[in-house]
Structure formats: C-alpha cells, structure tokens
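Working notes, structure below.
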Amino acid sequence: MKDLKIRASSLGRLMSNDKDTSITEKQLDTLNDLLTKIKLTDKQATLRDSLMLKRDAPPELSKGAKSYIKELFMFHEYGVGMDIYSKYMEKGVLTEDECIDLCSSLFDYGELKKNEVELSNEYITGTPDIVNDMVLIDVKSKWSPHQCFWLAETDKEIQKNLDHKVYEWQLKSYMWLTGHVESELVYCLVATPEHLVLDEMRRLSWKKLEGGEVSIETEAEVRAYFDISNIPTEKRVKSFKVELTEKDVADMKIKVNLARKYYKQIQ
C-alpha cells in the first residue's frame, strides 16, 4: 500500500505519550528548575539524571497510538470498521451547521460557511470545518448543558482534558494543511435533535421499569435535561486559540513516520 496517512481528527491518538517512557510537562518544569540550581542533594541529582534520560529518549509510539495503528491495519487490510456509533458523534454531525451559524452570530468574522474540501499533504489528511484567508475554526457540539464544563472549570483545567488535547492536535493538523499559524477550537451548545431526545426518553423509561412506555414524568425529566432556552446565547460557546509551531510540525512528522514503520511491522 501507499505510505500511510493519518486523518487530522485521529492524529491526537498518535501524538499521545506514555508517562513511563516520556517526560511530562510537569516533569520538564521540574527538570528545568533543577538545572538552574548550583548545588543539588543526592536525591535531587538522581531525579535530574532520570528526568534527563526521559527528556532525551528517542520518540516512540504510545500504547494508545499502537492500538490505533492496529485498528487502521484491520480496516485497510480486512475491511473491519473503525468508526463506532455514539449519540455524541451523531449530534455533532447533525448540528454542525447550527454550530457554525452560532459562531457567525457571535464572532467578528462575518458570515462563516462550512468547508467541504478535503485537504492532504504527504503525512495527513482532513477537512477543517471553517477555513478562509482570515480564520480557521473547528467546532465541537456539546451533548447537553451539563457538558458545558466551561461554566465550572478554568481554561487551564479544560486545556488539561485529554479530549481537548486531541482536538488541539486536530487543529494543528488543519493549520499544517492550510498554512495558518493560528486557529480557534470552539465548543458549542445548540439544541439536541428531537429524535435523540426521544431516544433518551425511551432509554430512561426502560431503566425506570416503565416497559418502554414513556411516562409524563420521564418525558419532563429528559426535556428539562436538554433544555437550553434559559442559557444566554453568548454563554453557549467557549473558544480557545490554538497555535502551530515548527516543533509541532516536526513532531507530527516523527509520529507519522513511526506509525508507518509500526504498520509495516504488523504486516
């Protein structure tokens, strides 16, 4: 087969690192602090040396990345499907246009339109949600008001979230493909499609032993769960700036090349 290319939406799985084999941001901060000290205790010197070994270790694929490559192998070689349906994914697909309209109404970019052009380079492929000469945006539709973590968490806490890190690499991929150096990751809260709300009613009805007959109380409970009518429009979005560096591009190339090598080993 031709050289393996990674979809931008999945690149984050490839870019993950195992804590026991690679240095974390916190450990790197500790190491940098130790390197500024003139005198170290024996314990500090041992820690410094171990962290330096981690920092300078050659890059390798994480366990999660290897699992992803195995999934790709099964898909390419045997046709075994990869995308597993979820209600969250379905809402994201169905409400994408609404999320883009929400961004258009709140941001100063003028009318924003969905991009339909798939882009590709030697390493990756992907289709950004919104891209023009001025801006690159990717939208993520939240399942319910209860998923609006930005109402309770600080930006720093959100940015530590594993899903958020995956989304950041997706944006970095898009920037690499388009030539942008800045982009926006936008979480949006829009109404949940009615058939998904009805599905949740039936699911809850069975859990409450109503035999699939949705009671008035169950319907009211589910509709209240999804109700966003009292949330101001400007509170229904949370945007994060994502930037692309030369190191990011170099790291992506390294991980894709490692993925290609591992893929051939599986064969």
Would you please name every residue forming a salt bridge (Lys or Arg N to Asp or Glu O under 4.0 Å) with Asp227, sequence neighbours left out?
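For Asp227 there are no salt bridge (Lys or Arg N to Asp or Glu O under 4.0 Å) partners, ignoring immediate neighbours.
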So [Y] and [X], do their side chains get closer than 4.5 Å, heavy atoms only?
| X | Y | answer |
| --- | --- | --- |
| Val181 | Met175 | no |
| Val256 | Lys261 | no |
| Val186 | Phe240 | no |
| Arg48 | Lys37 | no |
| Thr95 | Thr192 | no |
| Asp33 | Thr36 | yes |
| Leu14 | Leu61 | yes |
| Leu72 | Leu4 | yes |

Could [X] and [Y] be called an ion pair, given the rule that one side-chain N must be under 4.0 Å from one carboxylate O?
| X | Y | result |
| --- | --- | --- |
| Glu168 | Lys172 | no |
| Arg13 | Glu71 | yes |
| Lys253 | Glu122 | no |

Taking only residues two or more places apart in sequence or in another chain, which ones pass ring-ring contact (aromatic ring centres under 6.0 Å, His included) with Phe75?
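For Phe75 there are no ring-ring contact (aromatic ring centres under 6.0 Å, His included) partners, ignoring immediate neighbours.
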If you measure only the distance, is there a donor-acceptor pair under 3.5 Å linking the side chains of [X] and [Y]?
| X | Y | result |
| --- | --- | --- |
| Lys255 | Asn17 | yes |
| Glu118 | Thr125 | yes |
| Asp248 | Thr245 | yes |
| Gln170 | Lys140 | yes |
| Glu60 | Tyr262 | no |
| His195 | Glu90 | yes |

Side chain [X], main chain [Y], donor-acceptor under 3.5 Å:
| X | Y | result |
| --- | --- | --- |
| Asp138 | Leu185 | no |
| His180 | Asp133 | no |
| Thr30 | Lys26 | yes |
| Ser183 | Ile137 | no |
| Arg7 | Ile124 | no |
| Lys241 | Glu184 | no |
| Lys114 | Glu96 | no |

Should the pair Lys5 and Tyr123 be classed as cation-pi, given the thresholds of under 6.0 Å to the six-membered ring centre and 45° from the axis?
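Here Lys5 fails the 6.0 Å and 45° test against Tyr123.
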Of all the heavy-atom pairs spanning [X] and [Y], show the shortest one and how long it is.
| X | Y | value |
| --- | --- | --- |
| Leu47 | Ser50 | O-OG, 2.8 Å |
| Leu106 | Thr233 | CD1-O, 3.7 Å |
| Ala8 | Tyr174 | CB-CE2, 3.4 Å |
| Ile69 | Ala259 | CD1-CB, 3.6 Å |
| Val190 | Ser141 | CG2-OG, 4.0 Å |
| Pro128 | Thr178 | CG-CG2, 4.3 Å |

So with a 6.0 Å cut-off around [atom1] of [X], is the heavy-atom count from everything else above 12?
| X | atom1 | answer |
| --- | --- | --- |
| Glu243 | CD | no |
| Glu246 | CD | no |
| Glu111 | CD | no |
| Lys113 | NZ | no |

Joint cluster assignment, [X] & [Y], ILVMFWY side-chain distance < 4.5 Å:
| X | Y | result |
| --- | --- | --- |
| Val139 | Val93 | no |
| Val80 | Tyr263 | yes |
| Leu244 | Val166 | no |

Run the side chain to side chain contact (heavy atoms under 4.5 Å, CB included) test on Leu189 and Ile231 for me, step by step, so that the C-alpha distance in whole Å, both residues' side-chain angles and the decisive distance to 0.1 Å come before the verdict.
CA-CA 10 Å; Leu189 177 64; Ile231 301 176; 3.8 Å; yes
Step by step, would you call Asp199 with Lys87 a side chain to side chain contact (heavy atoms under 4.5 Å, CB included)?
CA-CA 9 Å; Asp199 284 346; Lys87 57 188 180 183; over 6 Å; no
What verdict does the side chain to side chain contact (heavy atoms under 4.5 Å, CB included) test give for Ser239 and Tyr187, after you've listed the backbone C-alpha separation in whole Å, the side-chain angles of each residue and the deciding distance to 0.1 Å?
CA-CA 6 Å; Ser239 177; Tyr187 296 102; over 6 Å; no
Straight-line distance of [X] [atom1] to [Y] [atom2], nearest 0.5 Å:
| X | Y | atom1 | atom2 | result |
| --- | --- | --- | --- | --- |
| Asp129 | Cys103 | CG | SG | 9.0 Å |
| Glu98 | Cys188 | CD | SG | 10.5 Å |
| His76 | Phe73 | NE2 | CZ | 11.0 Å |
| Cys99 | Leu94 | SG | CG | 11.0 Å |
| Ile254 | Met15 | CD1 | CE | 8.0 Å |
| Leu11 | Tyr167 | CG | OH | 14.5 Å |

Please set out all donor-acceptor pairs under 3.5 angstrom arising from side-chain atoms of residues 206-217, sequence neighbours excluded.
residue	atom	partner	partner atom	Å
Lys208	NZ	Thr218	OG1	3.1
Lys208	NZ	Glu221	OE1	3.4
Glu210	OE1	Ser205	OG	3.0
Glu210	OE1	Ser215	N	3.3
Glu210	OE1	Thr218	OG1	3.1
Glu210	OE2	Ser215	OG	2.7
Glu210	OE2	Thr218	OG1	2.8
Ser215	OG	Thr218	N	3.0
Ser215	OG	Thr218	OG1	3.0

Before you tell me yes or no, could you show the steps for Tyr68 and Ile6 under side chain to side chain contact (heavy atoms under 4.5 Å, CB included), namely the whole-Å CA-CA distance, both residues' side-chain angles and the distance that decides it to 0.1 Å?
CA-CA 10 Å; Tyr68 171 59; Ile6 304 298; 4.1 Å; yes
Could you check whether the rings of Tyr225 and His146 sit parallel, tilted or perpendicular, using 30° and 60° as the cut-offs?
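Ring orientation, 0 to 90° scale: parallel.
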